[in-house]
Amino acid sequence: MGIVINLFLIIFASVVFFAAGFFIGRFFLERLGTTKVLEAEERAVQIVQEAQKEANEYKELKVTEVNQEWKKKRREFDQEVVIKNNKFNQLQKQVQQREAQLKKQTQDVRDTERKLQDQQKELDQAMETVGLRSTELERIITEQNQRLESIGNLQADEARQMLVDNMITKAREEATETIHKIHEEAEENAGRLAEKTLLTAIQRISFEQATENALSVVHIQSDELKGRIIGREGRNIKAFENATGVDIIVDDTPEVVILSCFDPLRREHAKLTLKKLLADGVIHPVAIEKAYLDAGKEMADVIMSAGEETLASLQIPDMPAEVVRLIGTMKFHTVYGQNLLQHSREVAMLAGIMATELKLDPRMAKRAGLLHDIGLVLPDTDQPHALAGSEFLRKFKESAVVLNAIAAHHGEAEKESPIAELVDAANVISLARPGARGAVTADGNVKRLESLEEIAKGFPGVLKTYALQAGREIRVIVEGDNVSDSQADVLAHDIAHKIESEAQYPGQIKVSIIRERRSIAYAK
């Protein structure tokens, strides 16, 4: 019994303890849930507040940006308004000035009309007076004729014929004297006008006259480069002379190398080649050939630039590109020592000034003056250069006045316009200026060097010929495949013999035959 009671008490205590634990645990769970809900609500409120704060800040930022943009647009609008107002004010001023001018012109027209009316009245009065005097004169003449008929027993027709004959004879004598005076005055005035025109043109032209020499000076950074230019056993300098046809002189002059050649175009090409080599710092035969080819491309640009600058300085528009290139080429040609481009520019300016003085077209005169010697730079022509230049420009539809002036400036054609006369006169003035052709004559050094080169070019197998050392040496480059060593020796003697028989020269001339053969293969 006691055991049952104890067991019952234990079971009861366990049930009570379990129930108490259940209720206590439920209480704590409810309390804990309430706390979490409150925290979640507080967090939600905090998040909402932060979102509202961020929204307000974003709103303020956008409002600020919109205000700045609006202010910017407002400033731009105000500036446009100010500009348009200024333009409107300027236009209004111009309109007011125009109105004032029109009013003034209207007043001038009215004044002129009044003057014309007054002059018309005076003219009417003068005509009336002349009419009265004419009537009186006719009456007097009739009376005098009647008296003459009664005194001289002559009829009126006979007296009239006699008087007419006397008047004709006297008029002829007076007319002859007047014509003679007019002719003398015209010749005197024409002489003064021509002298004034020529003096005005010459005084307004201030070209420096200097004949072209056969040397070009190239400055180098230091004398150490001279050894690199010469190369081992002179191979670089030989390759340079063979490629360019220009004699290079390396002497004791500090920081200077001299290029010698009578052809300015060839000398300028060699000068650009040497400058490229000095700029690269690499000098050997292959580099020399590459620099020579690159310099040839640059020479084309230099020639075009020279032509364009000349046309711009003379204000001559609408010139074909091929003609511009020939004009630039004139810069590197000489005629008896005178630079051809400088001479042509001077003729153009002289002709233009004289045309202006004589009320002719100065643009046409300058165009004809610039192009008058273009035939000298045309290749492969047998005609006189004046006719060749005229025929060449005809295919570019040049005006007839310019073509005639070019063809007639040496008398090969008849002059058909005053412009042709002006170009001829300007050409003579330019040639006669002191120092223009003083250094070289027609039978001088330049022609002699050209003739020496032409003699050597006439032999088969010759590629290039160069006259060096002022004509003391002729360097001939031949085809290595077609001319053997023994044939080169014979060719040198043949050229020397032909020079002896056809050319006139002082001292002796060295003929050098250069034969080169290259074998090239590519490894792939």
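As the structure is a prediction and not an experimental result, all values here were calculated from the model.
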Close aromatic pair by centroid cut-off 6.0 Å: His269 and Phe332: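 Ring-ring flag for His269/Phe332: false, centres at least 6.0 Å apart.
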
Can the ring centroids of His409 and His385 be said to lie less than 6.0 angstrom from one another?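 Under 6.0 Å, so yes.
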
Test applied, salt bridge (Lys or Arg N to Asp or Glu O under 4.0 Å); reference residue, Glu453; option that passes from Arg475, Lys464, Arg266: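 Answer to the salt bridge (Lys or Arg N to Asp or Glu O under 4.0 Å) test with Glu453 among Arg475, Lys464, Arg266: Arg266.
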
Is it true that [X] and [Y] have a side-chain N and a carboxylate O under 4.0 angstrom from each other?
| X | Y | result |
| --- | --- | --- |
| Asp301 | Lys297 | no |
| Asp78 | Arg74 | yes |
| Glu65 | Lys62 | yes |
| Lys415 | Asp424 | yes |
| Glu298 | Lys276 | yes |
| Glu391 | Arg394 | yes |

So among Val323, Asp318, Val324, which one has a side-chain contact (heavy atoms from CB on, under 4.5 Å) with Pro320?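 Testing Pro320 for a side-chain contact (heavy atoms from CB on, under 4.5 Å) against Val323, Asp318, Val324 leaves exactly one candidate, Val323.
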
Please identify which of these residues, Ile303, Leu341, Ile316, meets the side-chain contact (heavy atoms from CB on, under 4.5 Å) condition with Ile327.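 Result for side-chain contact (heavy atoms from CB on, under 4.5 Å) with Ile327: Leu341.
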
Mark yes or no for whether His333, through its side chain, and Met330, through its backbone, hold a donor-acceptor pair below 3.5 Å.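 Checked: no pair found.
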
Taking Asn404 for its side chain and Glu414 for its backbone only, find out whether a donor-acceptor pair lies under 3.5 Å.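 Present.
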
Within the 3.5 Å criterion, strictly below it, is a donor on Asn427 or His372 matched to an acceptor on the partner's side chain?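 Yes, side-chain donor-acceptor contact under 3.5 Å.
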
Got a second to check how far Glu346's CD is from Asn339's CG, nearest 0.5 Å?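 With rounding to 0.5 Å, CD (Glu346) is 11.0 Å from CG (Asn339).
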
More than 12 non-hydrogen atoms from neighbouring residues, nucleotides or ligands closer than 6.0 Å to CZ on Phe88, yes or no?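 Not buried by this count: 12 neighbours or fewer within 6.0 Å.
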
